[in-house]
Amino acid sequence: YAANWDRFALVDAGPGLKVKLSLETLGLATGDVVMVFDGQLPRNQPGDSQRPLVTLAGDVLPANTSYISSGRHLYVQMITNGDQRVSSGFSMALRCICADSARWTDPQGAGCAQYGREAASTKFGTCAGPMAARGTTTTGLALPASEACALSCEGCSVDPCQGWVCEHGG
C-alpha cells in the first residue's frame with residue numbers, strides 16, 4: 001500500500017441486516033492505522049464524537065477479531081504516514097447477518113431484547129412507524145429500533161444473505 005493514504009470503504013449490508021467483519025491478517029508499518037467504525041460515518045465533520053469499534057496498528061491481531069455493526073453499515077478507514085516502510089496491509093472477511101445490536105439502547109435504557117414480540121414490555125409496537133423508537137450505541141451512533149434491533153423487530157428473514165448481497169460502496 002502507498003504512503004500518505006487516507007482511504008475508506010463504506011460497507012452496506014442492506015435493509016434489516018448487519019455487517020459482520022472478521023479480521024484475517026494484519027501487517028501495518030509503524031505509524032499506519034486501520035479504524036473500523038460502527039455506522040455510516042460522515043467524513044471530516046467538526047465535533048464528530050463517533051468512536052471506532054477498533055483501531056488496528058502493527059502486525060498482531062487483537063484478541064477480538066470479529067465485529068458486528070449495530071445497523072446496516074460499517075465504515076473502514078486506513079490512514080498511512082509519509083514513510084516508505086514496506087508492509088503487507090490487512091485482510092478481512094465480510095458477511096451479512098440478521099442480528100440485534102448488543103451496543104444499542106433506547107432513551108429509557110432498554111436494549112433490543114425488550115423490543116421482541118414476546119418480550120414482557122410493549123416496545124414491539126414502537127419498532128417502526130410514526131412513533132418509532134430511536135436510541136444510541138455505546139460508540140455514539142444514533143439508530144432507530146427497526147435498524148438496530150432487526151431480529152427482535154422482525155425486520156429480516158431467517159436466511160438474510162439468500163436474497164441480498166452485501167454492497168461495497170467505497
Side-chain angles (χ1 to χ4, degrees), residues 8-24 26 33-56 61-77 90-170:
F8 70 95
L10 177 62
V11 185
D12 184 346
L17 300 176
K18 309 280 187 262
V19 179
K20 181 178 182 180
L21 178 148
S22 300
L23 298 169
E24 296 176 338
L26 182 63
V33 296
V34 173
M35 295 176 287
V36 178
F37 291 90
D38 194 6
Q40 187 174 355
L41 185 73
R43 305 230 337 125
N44 303 321
Q45 297 295 315
D48 186 10
S49 62
Q50 179 96 11
R51 295 177 306 277
L53 291 174
V54 64
T55 299
L56 304 167
L61 286 170
N64 181 13
T65 60
S66 184
Y67 302 89
I68 299 174
S69 63
S70 293
R72 65 186 277 181
H73 297 102
L74 270 184
Y75 182 96
V76 181
Q77 183 175 19
F90 66 98
S91 64
M92 62 182 66
L94 299 167
R95 290 188 51 220
C96 301
I97 64 170
C98 179
D100 286 340
S101 172
R103 295 179 298 275
W104 183 90
T105 56
D106 67 15
Q108 292 77 40
C112 289
Q114 295 177 14
Y115 280 80
R117 185 182 298 273
E118 304 303 319
S121 71
T122 58
K123 291 187 176 281
F124 180 79
T126 62
C127 280
M131 300 300 290
R134 293 193 62 81
T136 56
T137 66
T138 56
T139 59
L141 176 65
L143 290 172
S146 59
E147 187 172 343
C149 308
L151 191 58
S152 291
C153 289
E154 299 177 2
C156 52
S157 65
V158 175
D159 186 5
C161 291
Q162 194 85 319
W164 192 273
V165 177
C166 287
E167 297 176 0
H168 179 294

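For the numbers below, each heavy atom of this structure counts, side chains included, while hydrogens, waters and symmetry mates do not. Keep in mind it's a predicted model, so treat the numbers as computed, not measured.
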| note | Looking only at heavy atoms, the pair that brings Asp100 and Cys149 closest together is OD1-C, 3.0 Å

Donor-acceptor contacts, no H, no angles, side chain residues 118-128, under 3.5 Å, sequence neighbours left out:
from   : atom 1 : to     : atom 2 : distance (Å)
Ser121 : OG     : Gln114 : O      : 2.5
Lys123 : NZ     : Asp106 : OD2    : 2.9
Thr126 : OG1    : Lys123 : O      : 2.7

| request: Quick one: closest heavy-atom pair of Leu141 and Ser70, and the distance? | output: CD2-CB, 4.5 Å

| query | Relative to the ring of Tyr75, is the ring of Phe8 parallel (under 30°), tilted (30 to 60°) or perpendicular (over 60°)? | reply | parallel

| task | Identify, with sequence neighbours excluded, every residue that meets salt bridge (charged side-chain N to carboxylate O under 4.0 Å, His left out) alongside Arg117. | result | Glu154

| task | Would you give the length of the straight line joining atom NE2 of His73 to atom CG of Leu10, rounded to the nearest 0.5 angstrom? | result | 5.0 Å

| said: Could you go through Asp38 and Tyr67, starting from their C-alpha distance and side-chain angles, then the distance that decides it, and tell me whether this counts as side-chain contact (heavy atoms from CB on, under 4.5 Å)? | reply: CA-CA 9 Å; Asp38 194 6; Tyr67 302 89; over 6 Å; no

| request: Verify, without hydrogens or angle tests, whether Thr137 (side chain) and Arg103 (backbone) share a donor-acceptor contact under 3.5 angstrom. | output: no

| field | Spacing of Asp12 atom CG and Leu94 atom CG [to the nearest 0.5 Å] | value | 12.0 Å

| task | For the pair Val76 and Leu21, evaluate side-chain contact (heavy atoms from CB on, under 4.5 Å) and give the outcome as yes or no after the intermediate values. | result | CA-CA 10 Å; Val76 181; Leu21 178 148; 4.0 Å; yes

| task | Without swapping roles, check the side chain of Ser152 against the backbone of Cys112 for a donor-acceptor pair under 3.5 Å. | result | yes

| task | Specify the closest pair of heavy atoms between Pro144 and Trp104, including all atoms of both residues, with the distance to one decimal. | result | C-CZ2, 4.3 Å

| task | Only counting residues at least two apart or in another chain, list the ones meeting side-chain contact (heavy atoms from CB on, under 4.5 Å) with Ile68. | result | Lys18, Lys20, Ile97

| message | Restricting to non-hydrogen atoms, name the atom on Cys153 and the atom on Ala145 that form the minimum distance, rounded to 0.1 Å. | response | SG-O, 3.8 Å

| message | Quick one, Val54 with Asn64, criterion side-chain contact (heavy atoms from CB on, under 4.5 Å). Give me CA distance, side-chain angles, the key distance, then yes/no. | response | CA-CA 9 Å; Val54 64; Asn64 181 13; over 6 Å; no

